[in-house]
Q: 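Let me begin by handing over the structure; questions about it come next.
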Amino acid sequence: MAFENKFIQQRIEKAKLLQSEGINPYSNNSKRNTTVKKYINVNSDIAEKENKRDEHRIYTVSGRIKLLRIMGKASFFQLEDETGTLQIYIARDNLPEGFYNTVFKKLIEVGDIVEVTGYPFITGKGELSLHTSEFKLLTKAIAPLPEKFHGVTDKEIRYRKRYLDLIMNAEVRKTFQIRSKVISLTRRFFEDKGFLEVETPMMHPIAGGANAKPFVTHHNALGIDRYLRIAPELYLKRLIVGGFEAVFEINRNFRNEGMDATHNPEFTSIEFYWAYKTYKDLIEITKEYFKYLFEHLDLPIILPYGDIEVNFENFQEIPLIESLTTIGGVPADITNDKEKIVTYLKSKNITVKPNMNLGQLQGELFDEYVEEKLIDPTFITEYPVEISPLARRDDNNPEITERFELFIAGREIANAFSELNDPIDQYNRFKGQVDAKEAGDDEAHEMDEDFIEALSYGMAPTAGQGIGIDRLVMLLTNEHSIRDVLLFPAMKPLNSEDANEEEI
RNA sequence: GUCUUGUUAGCUCAGCUGGUAGAGCACGUCACUUUUAAUGAUGUGGCCGAUGGUUCGAAUCCAUCACAGGACACCA
């Protein structure tokens, strides 16, 4: 399999020659004492020095050779570490006798990881560089890097071999640094508010907390199937029953559904639950959260996303039914009538599943006519109870719930509600879901009697929210595919044999 | 899941209506001590995604399959 490629063979030969010269091609004897970024910062004054150099400052930097320009008895190369790229000047007469000609010129090449020691100077063309007095190979790369100018652009290679993508495309590293920062800031934001970070099971006996198809796995010792969680919601609420008053979890959820630009089988969300609060408090904390993110990420408050702009100072709030007419342009006289909605959708050539209830049809109208038009952050409130099986009913109108979803740039970013804590109401809503499941809705919720029992002991009035981290990061990094914000997005195996491989 | 467009050298890509496969980069050799995608000379490199079919002849036409991108459907 591996190492057949002639270029790889060639480079393996070079590694052997290095060994015969007494040079370890996989040395770990690194003496690095600064990064490229620090080197550039510390030496920003070199231009003012005599001869534009300072031979008394000696630094050792390490990194990968990205570009190599050999010119007879001297060479330049670009050395790249995580912090940046530095030009290295290396000349025959500054190195031990024979090293430059027999080792550097013949056995060192683009892709190798090396360490150089020397002093800062500025070249004739005005670039701060390092004048090498010692050169050491740390790691021989036996596989050649992709083309130096175009790099690797094939999306399949970039996703399957993310390491290559990261080597070749520095801006990709930036995206994942921002992702890391978003998660870190999110954690800090909620911790600062007094929330406790918890971990709840990833393997569930009942796949609850959302409407979705789960992955199934098997516990051998117990001889039972488990579901990879589709949401942590019901476990986090059990903790509120137990007396924790503010909890959050940032972790993966798994849904056995289609893959596309906004869906990966495993995705990251934060869910948080806050006792003695309502969804109104969640609207406030959500605004505060975004403000916090924008400040700490140093992002413009009017954020470009593709060819649109999102104004993060312009948070809107509008009830779902109202949005159908004012934003969606749906006639006002049909939005509360099942038959009229079905007729209307049919007249627009939109097919709906038979036996949909009013709430589901209103949801259809929203998805069809409103969602994509919500560019600036918009809290859609007053969701129908039929499509909100875990949310508390509005005290004044039992047909709607104390719930909102937050939409930004035409996409759902968060889902939140005052939690249903009436165990009998929750029991009946689960029953309704079970009936729907039996009627063929394979994404309907299952009965979770243990959760009902937990509620029976009393859960303080609580508000809870989930935010999709991947989509949030897409928004903040101006990426339009979820695969570009996941280091290792899900991909099909390359040959069908792998797909059918039996477990050991 | 459906439709659609791709898959040619390690990488980025040409290859017209079918006639024995091309460039740049990378790599080998030579020259070159301040280059910036270094430069100049020269050379090596391919089961044209897989399997069938049509044809005297297929990278090229047809069918099936695999993988990927995009759109739609479902979902977050």
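Lettering follows sequence order; numbering is per chain, from 1. Model, not experiment: these values are computed from the prediction. The analysis underlying the following values was restricted to heavy atoms, covering all of them including side chains, and did not include hydrogens, waters or symmetry mates.
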Q: For A/E55, give me all partners under salt bridge (charged side-chain N to carboxylate O under 4.0 Å, His left out), at least two apart in sequence or on another chain.
A: none

Q: Output a table of nitrogen or oxygen pairs between the protein and nucleotides 36-39 of chain B separated by less than 3.5 Å.
A:
{"residue": "B/U36", "atom": "O2", "partner": "A/E127", "partner atom": "OE1", "Å": "3.0"}
{"residue": "B/U36", "atom": "N3", "partner": "A/E127", "partner atom": "OE1", "Å": "2.8"}
{"residue": "B/U36", "atom": "O4", "partner": "A/T123", "partner atom": "OG1", "Å": "3.3"}
{"residue": "B/A37", "atom": "O3'", "partner": "A/K148", "partner atom": "NZ", "Å": "3.4"}
{"residue": "B/A38", "atom": "OP1", "partner": "A/K148", "partner atom": "NZ", "Å": "2.5"}
{"residue": "B/A38", "atom": "OP2", "partner": "A/R69", "partner atom": "NH1", "Å": "2.8"}
{"residue": "B/A38", "atom": "N6", "partner": "A/I70", "partner atom": "O", "Å": "3.3"}

Q: Holding to salt bridge (charged side-chain N to carboxylate O under 4.0 Å, His left out), I want the full list of residues that pass it with A/E134, two or more places apart in sequence or in another chain.
A: none

Q: Using only heavy-atom distances, decide whether a donor-acceptor pair under 3.5 angstrom links the side-chain of A/D260 to the base of B/C74.
A: yes

Q: B/A26 phosphate, OP1 or OP2: any side-chain N/O from A/R11 under 4.0 angstrom?
A: no

Q: Under 4.0 Å between a side-chain N or O of A/K6 and OP1 or OP2 of B/U44?
A: no

Q: Taking the P atom of each, how far is B/U8 from B/U51, in whole Å?
A: 15 Å

Q: With sequence neighbours left out, write down each residue that passes ring pair (Phe, Tyr, Trp, His ring centres under 6.0 Å) with A/H150, or none if nothing qualifies.
A: none

Q: A/N264: which residues meet the side chain to side chain contact (heavy atoms under 4.5 Å, CB included) condition with it, sequence neighbours left out?
A: A/E266, A/I482, A/L486, A/P489, A/A490

Q: Under the salt bridge (charged side-chain N to carboxylate O under 4.0 Å, His left out) rule, collect the residues that match up with A/E479, sequence neighbours excluded.
A: none

Q: Taking only heavy atoms on the protein side, list every residue of residues 405-415 of chain A lying under 4.0 Å from any atom of RNA chain B, sorted numerically.
A: A/E412

Q: According to a strict under-4.0 Å criterion, is A/R483 in side-chain N/O contact with OP1 or OP2 of B/G70?
A: yes

Q: What's the CD-P distance between A/E109 and B/U29, to the nearest Å?
A: 10 Å

Q: CZ of A/R162 to CZ of A/F176: how many Å apart, nearest 0.5 Å?
A: 4.0 Å

Q: Please confirm whether the shortest side-chain N or O distance from A/K73 to OP1 or OP2 of B/A31 is below 4.0 Å.
A: no

Q: According to a strict under-4.0 Å criterion, is A/K106 in side-chain N/O contact with OP1 or OP2 of B/C30?
A: yes

Q: What residues form a side chain to side chain contact (heavy atoms under 4.5 Å, CB included) with A/K6, not counting sequence neighbours?
A: none

Q: For B/U54 and B/U60, measure between their C1' atoms and round to the nearest Å.
A: 14 Å

Q: Whole angstrom is fine here: how far is it from CD1 in A/I167 over to P in B/C11?
A: 14 Å

Q: Parallel, tilted or perpendicular, judged at 30° and 60°: which one describes the rings of A/Y289 and A/F190?
A: tilted

Q: Looking at residues at least two apart in the chain, or sitting in another chain, which of them share a side chain to side chain contact (heavy atoms under 4.5 Å, CB included) with A/F149?
A: A/E147

Q: Is the shortest side-chain N/O distance from A/K14 to OP1 or OP2 of B/G28 below 4.0 Å?
A: yes

Q: Round to the nearest Å and state the distance from A/R92 atom CZ to B/C32 atom C1'.
A: 12 Å

Q: Applying salt bridge (charged side-chain N to carboxylate O under 4.0 Å, His left out), can you list everything that pairs with A/R255, at least two apart in sequence or on another chain?
A: none

Q: Suppose we screen for side chain to side chain contact (heavy atoms under 4.5 Å, CB included). Which residues come up paired with A/R160, at least two apart in sequence or across chains?
A: A/E156, A/M491, A/L494

Q: Under a 3.5 Å cutoff on both atom distances, Watson-Crick or G-U, what's the dot-bracket for RNA chain B ([ ] crossing, | other strand)?
A: (((((((..((((.....[..)))).(((((.......))))).....(((((..]....))))))))))))....

